[in-house]
Amino acid sequence: MPASDTQNAPCLALTMGDACGIGPEIIARLWLDSAMPKALVVGSPQVMRRAVAWVAQARGGPAPVVVEIHDAKNWADVPTGAMPVWAPPGLPHDLIDAPVGQVDVRAGSAAAACIRAAVRLAQTGVVAGIVTAPLHKEALALAGEPYPGHTELLQAEGAPPGQAPAPVRMMLANDQLKTVLVTIHMALRQAIDAVTFEAVLETIRITHDSARLWGIERPRIAVAGLNPHAGEGGLFGDEEIRIIGPAIQAAQALGIKVSGPLAPDTVFMRARHAPDHPGEFDVVIAMYHDQGLIPVKYMGLDHGVNVTLGLPFVRTSPDHGTAFDLAGTGRADPSSLLQAWRMARQLVSGEGAI
């Protein structure tokens, strides 16, 4: 990336993710491939040095220097091209001994500690936003964390002291499609019950407000139905009539440009932006996890970015997991993490629509 593009870029925190997965290695690849500017890695210096060595060996090139800093505020003091790594409180002392490519309680504990520390850095203005490398939900649970994933943990940690967490939503985005979820990490049977009038309306409002921050003054929002053919007038389910439709009408009464409920099997195609196919909508709201994420991920894991809407700070992440089968090889593709970093930089810099 040219120096002129990064000279005034704000600092972003990169959380290490699961130490037994590919998170440390794809972060190392960013420094090797992109000369990462103005970024602080929150994680274990030992784990990051090991990851840098693996990546350098796989690529056959020099390895960037990992510099351990003891005060996160001093991230800019490291030499150009070096990787500043800050070890937050709470990292297991034997994290480096956790087996690579396997679920381990130490990795789950460390991943959570890194997220909490990065949130504190964002809240105090040390960093302008957070980019999170993948964690493993099973390792998080083994560590005793009550949160099923990044989104819920960030929501809880991002709340001001003494206040209830603000509602947040998960968006997965690439250059062609953006989709926001009403429900996230829960069993499908529970997700159906969680599709309420309040949840749908709140999702529409969060999406609308967030899109305006991206630079879309009056975003065109499509809402997918829950049932096949959006219920077909009640023949295949009546949630569209009882819940989703009224929520859309309430949003329209607020001046929001929102359409639906639309058939889930075609709405994503209608919204997709391509050179030969301008999309009808700027973003699609999906009712549950797989309904919204499959269309985006089908277009390729190397370009998708997860953005948490509703937080008091910017947070993005790649849209893939820990890839234990690739951990330790130095060959993991950093493309999605690079896209997440670029999108976070764009959002915190106020550079317009994503």
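Remark: the backbone N or O of Glu138 is paired with a side-chain donor or acceptor of His136 at under 3.5 angstrom. Here the side chain of Ser210 pairs no donor or acceptor atom with the backbone of Thr207 at under 3.5 angstrom. For His277 (side chain) and Arg272 (main-chain N/O), a donor-acceptor pair under 3.5 Å exists by modelled atom type. Checking side-chain atoms of Ser317 against main-chain N and O of Val131 turns up no donor-acceptor pair under 3.5 Å. Distance alone, capped at 3.5 Å, is enough to place a donor-acceptor pair between the His273 side chain and the Phe281 backbone. Using a distance-only test at 3.5 Å, with no hydrogens or angles considered, no donor-acceptor pair links the side chain of Glu240 to the main chain of Gly233. For Thr322 (side chain) and Gly21 (main-chain N/O), no donor-acceptor pair under 3.5 Å exists by modelled atom type. Lys297 places a side-chain N or O within 3.5 Å of a backbone atom of Asp319 that can act as its donor or acceptor partner. Glu25 places a side-chain N or O within donor-acceptor distance of the main-chain N or O of Gly328, the cut-off being under 3.5 Å. Of the possible donor and acceptor atoms, one in the side chain of Gln252 sits under 3.5 Å from a partner among the backbone N and O of Val258.
Hydrophobic clustering, with ILVMFWY side chains joined whenever heavy atoms are under 4.5 angstrom apart, groups Leu12 together with Leu309. The cluster map of Ile, Leu, Val, Met, Phe, Trp and Tyr, joined by side-chain heavy atoms under 4.5 Å apart, puts Leu30 and Val52 in the same cluster. Val47 and Val105 fall into different hydrophobic clusters, defined by Ile, Leu, Val, Met, Phe, Trp and Tyr side-chain heavy atoms under 4.5 Å apart, directly or through other members. Linking Ile, Leu, Val, Met, Phe, Trp and Tyr residues whenever their side-chain heavy atoms come within less than 4.5 Å places Met16 and Ile96 in a single cluster. Using a 4.5 Å cut-off between side-chain heavy atoms of Ile, Leu, Val, Met, Phe, Trp and Tyr, with links allowed through other members, Val42 and Leu153 fall into different hydrophobic clusters.
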How far apart are the C-alpha atoms of Tyr147 and Gln155, what are their side-chain angles, what is the distance that settles it, and do they pass the side-chain contact (heavy atoms from CB on, under 4.5 Å) test? CA-CA 10 Å; Tyr147 310 105; Gln155 178 186 24; over 6 Å; no
Would Val305 and Asn174 satisfy side-chain contact (heavy atoms from CB on, under 4.5 Å), going step by step from the backbone distance to the final call? CA-CA 6 Å; Val305 176; Asn174 57 30; over 6 Å; no
Under the side-chain contact (heavy atoms from CB on, under 4.5 Å) rule, what do Val180 and Val283 come out as? Steps first, then yes or no, please. CA-CA 7 Å; Val180 179; Val283 61; 3.7 Å; yes
Check step by step if side-chain contact (heavy atoms from CB on, under 4.5 Å) holds for Arg29 and Arg59. CA-CA 10 Å; Arg29 280 283 303 270; Arg59 289 168 48 87; 3.8 Å; yes
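Contact check for Met170 versus Asn306: side-chain heavy atoms found under the 4.5 Å cut-off. Between Cys114 and Leu91 there is a side-chain heavy-atom pair separated by less than 4.5 Å. Residues Thr203 and Val200 have side chains not in contact (no heavy-atom distance under 4.5 Å, counting atoms from C-beta outward). Phe313 is listed as a side-chain neighbour of Leu154, based on a closest heavy-atom distance under 4.5 Å. Residues Trp54 and Val100 are in side-chain contact: their nearest non-hydrogen atoms beyond the backbone lie under 4.5 Å apart. Inter-residue side-chain proximity for Trp86 and Val41 is flagged as unmet; no heavy-atom pair is nearer than 4.5 Å. Side-chain contact check for His150 versus Arg315: some heavy-atom pair is nearer than 4.5 Å. The shortest distance between side-chain heavy atoms of Asp282 and Lys178 does not fall below 4.5 Å.
Residue Gly330 comes nearest to Ala58 through the heavy atom pair O-CB, 3.6 Å, listed as atom of the first residue, atom of the second, then distance. Here the closest heavy-atom approach between residue Gly23 and residue Pro134 is recorded as CA-CD, 4.2 Å. For the residue pair Trp75 and Val126, the shortest heavy atom distance occurs at NE1-O, 4.1 Å. Shortest non-hydrogen contact noted between Ala250 and Phe197 is CB-CZ, 3.9 Å. Heavy-atom minimum distance, Val127 versus Ala118: CG2-O, 4.3 Å. Closest approach of Ala28 to Met83, counting heavy atoms only: CA-CE, 4.0 Å.
Classification of Asp104 and Arg106 as a salt-bridged pair holds, one side-chain N sitting under 4.0 Å from a carboxylate O. Lys137 and Glu152 are not joined by a salt bridge, as no carboxylate oxygen comes within less than 4.0 angstrom of a charged side-chain nitrogen. A salt bridge does not link Glu280 to Arg220: none of the charged side-chain nitrogens sits closer than 4.0 Å to a carboxylate oxygen. The residues Arg120 and Glu157 are annotated as salt-bridged, a charged nitrogen and a carboxylate oxygen being separated by less than 4.0 angstrom.
Counting non-hydrogen atoms of neighbouring residues, nucleotides and ligands closer than 6.0 angstrom, the OH atom of Tyr298 reaches no more than 12 such neighbours. For Arg331, the CZ atom counts as loosely surrounded, since its 6.0 Å shell holds 12 or fewer non-hydrogen atoms of other residues, nucleotides or ligands. More than 12 non-hydrogen atoms from other residues, nucleotides or ligands lie less than 6.0 angstrom from CG of Asp265.
Leu121 CG to Leu40 CG: the interatomic distance, rounded to the nearest 0.5 Å, is 6.5 Å. Taking CD1 of Ile184 as the start and CZ of Arg169 as the end, the distance is 7.0 Å to the nearest 0.5 Å. Here the CG atom belonging to Leu177 is positioned 13.5 Å from the CZ atom belonging to Arg270, to the nearest 0.5 angstrom. Of the inter-residue distances, the one linking Gln123 atom CD with Ile130 atom CD1 reads 8.0 Å to the nearest 0.5 angstrom. Put simply, CG on Leu142 and OG on Ser109 are 11.0 Å apart, with the number rounded to the nearest 0.5 Å. With rounding to the nearest 0.5 angstrom, the CD1 atom of Ile69 is 8.0 Å from the CG atom of Asp77.
Using a 30° and 60° split on the angle between ring planes, His185 and His289 fall in the tilted class, from 30° to 60°.
Checking each of Ile221, Leu262, Ile204 against Ile248 for a side chain to side chain contact (heavy atoms under 4.5 Å, CB included) leaves exactly one that passes, namely Ile204. Of the residues Val182, Val195, Leu226, the one that meets the side chain to side chain contact (heavy atoms under 4.5 Å, CB included) test with Tyr288 is Leu226.
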